[in-house]
Amino acid sequence: RIANSLRSSLVPRCDSHSLGSVCDHGAVTRTEDSRATTAPTSHPVLEFFGRLVDRWGISEIAVAGFAGTALITLGSYGAGALPANDPTRQIPVIGLLRHGWLGLHVALGLYYVGLSLLVVTWLVLGRLLLTGSSIGTVAVRGEVLDPAALRRTLIRWMLPLLVSMPLASMDMYSYAAQAQLARLGRDPYTFTPADLPGKFLDNVAWKWVDTPSPYGPLWVTVSRWVAT
């Protein structure tokens, strides 16, 4: 009887509970949750992008990146830092992006869609280079892609941007005016774009018209060489 009493005292006693069962293990009381736990669900937007880039290889990445920069370039003709006297406004299709509220917002839409696509493509390319797969999670050693193929891909991405309008800033026109001052033999630390009337002055932002060059002699030398 003594042995049976000892065995019964060592057996945990569990009582039913609305949240599960409560078991008494001697000095330790543990609550066991009988409710099933569900795995967290991801956001629908993330699921969409996950399905979109699933199993992308370098060929799909190259095409998507090129499409992104092409859309950015097209949008720049309506939403970029446009020059005052721009002959491209006469091009039939591109010229439509310059007219009215609709043209501006269509151009902005093209720009932001292209920019978003390019960012996603960069992220997928980075994951591919790190893990060997567009959906990988573990880094791998060694080269995943041929460096020559990667260079060709990046060069193709840059090609549309070579013919785009300046994006998000008009500072390039200030650089061009200061380069012209240096080319004409005028000191860009003494003279300003206001001393250079004509098409270069027409495109300089008003706040930089009377501002001398803030850059060092190396920049001035290189910009004079480019202007020449």
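Heads up: numbering here begins at 1 and tracks the sequence.
Formation of a donor-acceptor pair under 3.5 Å by the Trp157 side chain with backbone atoms of Ala62 is found in this model. The main-chain N or O of Ala84 is never found under 3.5 Å from a side-chain atom of Asp202 such that the two would form a donor-acceptor pair. Tyr173 contributes a side-chain N or O that, together with a main-chain N or O of Ala81, makes up a donor-acceptor pair within less than 3.5 Å. With hydrogens and angles disregarded, a donor-acceptor distance shorter than 3.5 Å links the side chain of Thr211 to the backbone of Lys207. Using a distance-only test at 3.5 Å, with no hydrogens or angles considered, a donor-acceptor pair links the side chain of Thr192 to the main chain of Val209. Here the side chain of Tyr189 pairs a donor or acceptor atom with the backbone of Tyr215 at under 3.5 angstrom. No side-chain donor-acceptor contact under 3.5 Å links Asn203 to the backbone of Phe200. Between the side chain of Gln178 and the backbone N or O of Tyr175, no donor-acceptor pair lies under 3.5 Å.
In this structure, Leu82 is not a member of the same hydrophobic cluster as Met172, with clusters built from ILVMFWY side-chain heavy atoms closer than 4.5 Å. Linking Ile, Leu, Val, Met, Phe, Trp and Tyr whenever their side-chain heavy atoms come within less than 4.5 Å puts Tyr112 and Leu167 in one cluster. When hydrophobic clusters are built by joining Ile, Leu, Val, Met, Phe, Trp and Tyr residues whose side-chain heavy atoms come closer than 4.5 Å, directly or via intermediates, Val120 is grouped together with Tyr111.
Closest heavy-atom contact between Leu117 and Gly68: CD2-N, 3.7 Å. Across all their heavy atoms, Ala182 and Val220 have their closest contact at CB-CG1, 4.0 Å. Residues Ala194 and Asp210 approach most closely at CB-OD1, 3.4 Å, considering heavy atoms. Heavy atoms only, all atoms of each residue included: Leu104 and Gly78 are closest at CD1-O, 3.7 Å. The shortest non-hydrogen separation linking Trp122 to Leu154 is CH2-CD2, 3.9 Å. Smallest separation of non-hydrogen atoms from Gly114 and Leu71: CA-CB, 3.7 Å.
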(request) Just do the side-chain contact (heavy atoms from CB on, under 4.5 Å) check on Leu184 and Leu196 with the steps written out, would you? (result) CA-CA 10 Å; Leu184 296 174; Leu196 189 70; 3.6 Å; yes
(message) Please determine whether side-chain contact (heavy atoms from CB on, under 4.5 Å) holds for the pair Thr228 and Arg224, giving the CA-CA distance in whole Å, both sets of side-chain angles, and the decisive distance to 0.1 Å.
(response) CA-CA 6 Å; Thr228 303; Arg224 181 175 64 243; 4.2 Å; yes
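With values rounded to the nearest 0.5 angstrom, Met165 atom CE is found 15.5 Å from Ile72 atom CD1. With values rounded to the nearest 0.5 angstrom, Asp146 atom CG is found 10.0 Å from Ile58 atom CD1. Once rounded to the nearest 0.5 Å, the distance linking CD1 of Ile61 with CG of Leu129 reads 7.5 Å. In this structure, CH2 in Trp208 is found 11.0 Å from OG in Ser213, a value given to the nearest 0.5 Å. Note: Leu115 CG to Leu110 CG = 12.5 Å, rounded to the nearest 0.5 Å. Separation of atoms CG (Leu125) and CD (Glu60) is listed at 12.5 Å; rounding is to 0.5 Å.
A cation-pi contact, defined as under 6.0 Å to the ring centre and within 45° of the axis, links Arg186 to Phe191.
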